[in-house]
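Atoms within a ligand are numbered from 1 in the order they appear, just like the ligands themselves. This chain uses plain numbering: 1 for the first residue, then up along the sequence.
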Amino acid sequence: MSTSKLDTSLTKELEALKQEGRSKSPERIIEQYIPPKDESGPRYKMVGSNNKFIRLNSNSYLSLSNHPELIAAADKATHKFGVGPGAVRFIDGTFIHHDKLEKRVAKFADKPAAKIFNSAYTSNCGLALTLSNKKTHWIGDQLNHNSIIRAMRISNIPRENKGIFKHNDMTDLKRCLGEVRPDIERIIVIFDGIFSMRGDYAPIDKINQICKAYDSKFKDGVITIVDDSHGIGAYGDTGRGTSDFCNASPDIIIGTFGKAFGVNGGFIAASKTIIESVRQKADTYIYTNPLSVADCAAAIKAIDICDSDEGLNLLKSLKERTAQFRQGLERLGKESIKGPHPVVPLMVRDTPKTHDLVKYLFDHGVLVVGLTFPVVPKGDETIRFQINACHTSADIEYVIELLSTFD
Ligand SMILES: Cc1ncc(COP(=O)(O)O)c(C=O)c1O
């Protein structure tokens with residue numbers, strides 16, 4: 001047998017993606033990490049270039065990925081238990097580190113219990129499989145992350161059991177709630193905490209208040225869920241994310257260990273009954289190997305650091321560098337979306353100019369991502385900058401200087 005006929009069809013599909021402007025560029029490869037030194041934050045060497053790059057497209061907001069204590073914790077766990085779990089959780093693939101991380105992240109999120117997954121992506125899908133039945137109605141923000149959209153799609157509910165509200169538009173959320181059929185028993189309202197392409201946040205306090213008014217009308221009530229992958233660890237006074245920033249907690253929190261915590265993996269934090277239901281019903285939890293003990297040990301250490309003076313200092317640096325960068329853009333008269341989050345979009349509003357600016361920055365040793373249609377609507381073409389706690393003041397000034405010389 002040969003795959004040549006399939007290869008021919010796939011080649012046509014790939015060509016179509018390219019024509020539509022939807023294909024991804026080749027992946028750049030990092031070949032070396034250079035630790036921070038004096039006025040210089042971490043640098044990266046890339047295959048095919050002699051530059052040493054500042055990375056302004058990493059989600060590792062607190063710069064914990066290379067923290068010596070995380071590396072030591074991962075090392076120690078690996079030496080004790082090996083590199084892989086050998087089985088799924090319910091067939092004796094559960095190690096002490098999985099249990100400890102679940103307890104630690106539940107405490108961090110201020111919820112009674114938590115379950116860990118291989119990613120936030122699979123957490124969203126697993127939660128949808130757990131909560132959905134024919135009498136469930138899902139409502140989501142128009143700009144929700146792909147993992148939430150996918151989760152709503154695989155939840156096997158009829159098409160009419162879904163509502164989408166305009167981005168952060170509370171009047172439209174009310175419209176969606178008002179349109180739910182009376183025979184529905186359970187409403188799920190789900191939204192990103194921080195919208196990753198824009199750096200703005202969901203007003204959880206207002207969403208909770210609106211949902212509360214509809215709660216008594218439905219048998220299982222209105223359940224609010226935030227996916228705070230970009231907020232957890234990086235936002236709010238204590239780094240607890242968008243709930244911290246809004247001073248309001250939704251019923252269920254989804255997060256990742258792969259961004260501010262600098263490791264890998266995802267979690268759901270909620271009531272004990274919801275978490276036990278996840279354990280029994282979420283296929284993306286049940287039928288796949290869990291995180292390695294190394295990932296878990298490093299994630300536990302990352303949360304401990306977030307909760308310490310060191311973590312608060314990192315958060316302070318992150319906020320200072322973010323403010324410095326945002327002020328720099330303002331000084332140059334560049335358009336952005338206001339807010340304190342370290343995702344800072346530069347609105348270019350033109351596709352070729354976005355590509356040119358990404359290349360210009362790359363040629364001068366700066367890694368960023370350009371967002372063009374269909375990732376963002378036409379006219380909203382953007383360069384997304386992501387600040388992290390180990391960028392130095394000199395790093396930020398260098399990038400601002402570069403931006404001032406591009407036209
Ligand atoms: C809101 C949201 N959810 C989920 C993810 C995926 O996180 P993970 O890499 O843990 O699957 C992302 C980031 O890409 C995100 O922005």
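Both the sub-6.0 Å distance and the 45° axial angle are not jointly satisfied by Lys359 relative to the ring of Phe362.
Residue, atom and distance of the protein heavy atom nearest to atom 6 (C) of ligand 1 are His145 CE1, 3.9 Å. Looking from atom 7 (O) of ligand 1 to the surrounding protein, the closest heavy atom is Ala120 CB, 3.5 Å. Atom 13 (C) of ligand 1 has as its closest protein heavy atom Lys259 NZ, 2.7 Å. The protein heavy atom nearest to atom 3 (N) of ligand 1 is Asp227 OD2, 2.6 Å. For atom 11 (O) of ligand 1, the closest heavy atom belonging to the protein is Tyr121 N, 3.0 Å.
Few gaps surround NZ on Lys162; more than 12 heavy atoms of other groups in view lie less than 6.0 Å from it.
Of the charged side-chain nitrogens involved, at least one lies within less than 4.0 Å of a carboxylate oxygen, so that Arg104 and Asp304 count as a salt-bridged pair. We find that Asp356 and Lys353 are not joined by a salt bridge, their nearest charged nitrogen and carboxylate oxygen being 4.0 Å or further apart. A salt bridge links Glu320 to Lys316: at least one charged side-chain nitrogen sits closer than 4.0 Å to a carboxylate oxygen. Checked for salt-bridge contact, Arg349 and Asp380 meet the test: a charged N lies under 4.0 Å from a carboxylate O.
Contact atoms of ligand 1 toward Ser147: 3 (N), 4 (C) (distance under 4.0 Å to a heavy atom of the residue). Taking a cut-off of under 4.0 Å to the non-hydrogen atoms of Asp192, the atoms of ligand 1 that pass are 1 (C).
The aromatic ring centres of Phe261 and Phe108 sit less than 6.0 Å apart.
At least one N/O-N/O distance between His230 and ligand 1 falls below 3.5 Å.
By the criterion of a heavy-atom distance under 4.0 Å, both the backbone and the side chain of Ser119 are placed next to ligand 1.
In this structure, Gly266 has no heavy atom closer than 4.0 Å to ligand 1.
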